[in-house]
Amino acid sequence: MIRVLVVEDQRALADALAIAIGAQPDLDCGEAVGTVDEALREAARRPPSVVLMDIHLPGTDGIEGTRLLKKAHPSARVVVLTADATPDQLARAVTAGASAFLAKHSPFGDILTAIRTTATGKLLVEESTLAARLPSRQRGGGGLTRREHEVLVLLAQGHGLKTIADRLVLSRHTVRGHVKSVLAKLRAHSQLEAVVTATRLGSCRARCRSTVNQPI
């Protein structure tokens, strides 16, 4: 059973989410809360598996709330909901420890997918939330080689190591080495952070629905 905590200050939306999530046979959702302080108290009383966190909250915002929740409950996964995602905002949330990003108007099925995906230890970014502008080779690509750039583009599109290896006709070991080099050059701690960092550097657009594993 995945225990979910909803943190959303729009009461009607919060209650609707809590009821709909709690109706799922594999999900357990108690009463929704409207602030980070309430979330911390509720998490201390009833530790969550996944936290559905709005960014714009009264008082402490959802990004700082993510950091505080992850500090108190390192195993909890945080799904960030936002109405106006920007590369800088996403980068801040990744640094704070978020595991997924979704638009607030996402279909309920996508929210359920995010909850279940992050609960298994993976990261997820909805395509409409992160249309990554990966660094072009013409602009230097953040110091990436041509092959590293190709690997980063495929990561941004949500492909795993096996698919990337097959597409580029490389061994998984070689692809893993390229991923590690990309992380090092972009000073990123995870594949998702590398993609988000690249959006702040880049110029060429890539369609992204990223569902990537935790750091290699």
Side-chain angles (χ1 to χ4, degrees), residues 50 53 63 66-67 70-71 74-80 82 85-103 106 110 113-216:
V50 177
M53 175 80 74
I63 292 178
T66 296
R67 188 188 69 77
K70 290 292 292 184
K71 182 178 180 180
S75 64
R77 306 293 180 185
V78 180
V79 176
V80 169
T82 178
T86 65
D88 284 346
Q89 186 183 72
L90 297 181
R92 287 177 59 220
V94 167
T95 301
S99 294
F101 302 98
L102 289 178
S106 296
D110 288 355
T113 296
I115 291 170
R116 292 173 175 134
T117 298
T118 55
T120 66
K122 293 183 179 180
L123 304 172
L124 183 145
V125 177
E126 185 184 49
E127 181 177 320
S128 63
T129 303
L130 178 59
R133 298 174 300 162
L134 301 179
S136 68
R137 289 289 300 150
Q138 290 71 24
R139 292 181 58 185
L144 303 183
T145 66
R146 177 183 62 82
R147 184 64 83 190
E148 289 165 353
H149 178 261
E150 291 171 346
V151 169
L152 180 58
V153 169
L154 291 171
L155 282 175
Q157 293 171 341
H159 299 299
L161 293 182
K162 182 180 184 303
T163 300
I164 294 174
D166 290 344
R167 289 200 175 193
L168 299 181
V169 194
L170 299 171
S171 70
R172 289 194 205 183
H173 176 76
T174 298
V175 171
R176 188 175 289 108
H178 285 315
V179 172
K180 289 184 177 180
S181 180
V182 168
L183 296 184
K185 288 182 178 180
L186 295 179
R187 298 182 180 179
H189 297 94
S190 70
Q191 295 173 23
L192 179 60
E193 186 178 352
V195 172
V196 174
T197 299
T199 71
R200 306 170 76 183
L201 300 174
S203 61
C204 68
R205 298 181 66 82
R207 289 172 60 81
C208 292
R209 181 187 177 91
S210 297
T211 304
V212 295
N213 292 323
Q214 290 283 13
I216 294 176

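Since the structure is predicted, the reported quantities are computational estimates derived from the model, not experimental observations.
Distance check: Thr174 OG1 to Ile164 CD1 gives 12.5 Å after rounding to the nearest 0.5 Å. Atoms CG and CG, on Leu161 and Asp166 in that order, are 11.0 Å from each other to the nearest 0.5 Å. Taking OG1 of Thr117 as the start and CZ of Arg77 as the end, the distance is 12.0 Å to the nearest 0.5 Å. Taking NE2 from His178 and CG from Leu183, the interatomic distance works out to 13.0 Å, rounded to the nearest 0.5 Å. Note that OG of Ser181 is 14.5 Å distant from CZ of Arg176, once rounded to the nearest 0.5 Å. Distance check, rounded to the nearest 0.5 Å: CD1 of Ile63 to CE of Met53 gives 10.0 Å.
Under the side chain to side chain donor-acceptor pair (under 3.5 Å) criterion, Thr95 pairs with no residue, sequence neighbours left out. For the side chain to side chain contact (heavy atoms under 4.5 Å, CB included) test, residues two or more places apart in sequence or in another chain that qualify with Glu150 are Arg146, Arg147, Leu168. Residues meeting the side chain to side chain contact (heavy atoms under 4.5 Å, CB included) test with Arg116, sequence neighbours left out: Ile2, Gln24, Asp26, Leu27, Leu112.
With contacts defined as side-chain heavy-atom distances shorter than 4.5 Å, the pair Arg92/Val80 does not qualify. By the 4.5 Å heavy-atom criterion applied to side chains, Val79 and Leu102 are counted as neighbours.
Smallest separation of non-hydrogen atoms from Ile115 and Val50: O-CG2, 3.7 Å. In terms of heavy-atom proximity, Val175 sits nearest to Ala165 at CG2-CA, 3.7 Å. Counting all heavy atoms, side chain and backbone alike, Val78 lies closest to Thr66 at CG1-OG1, 3.5 Å.
In terms of modelled atom types and a separation under 3.5 Å, the side chain of Lys162 and the main chain of Arg172 share no donor-acceptor contact.
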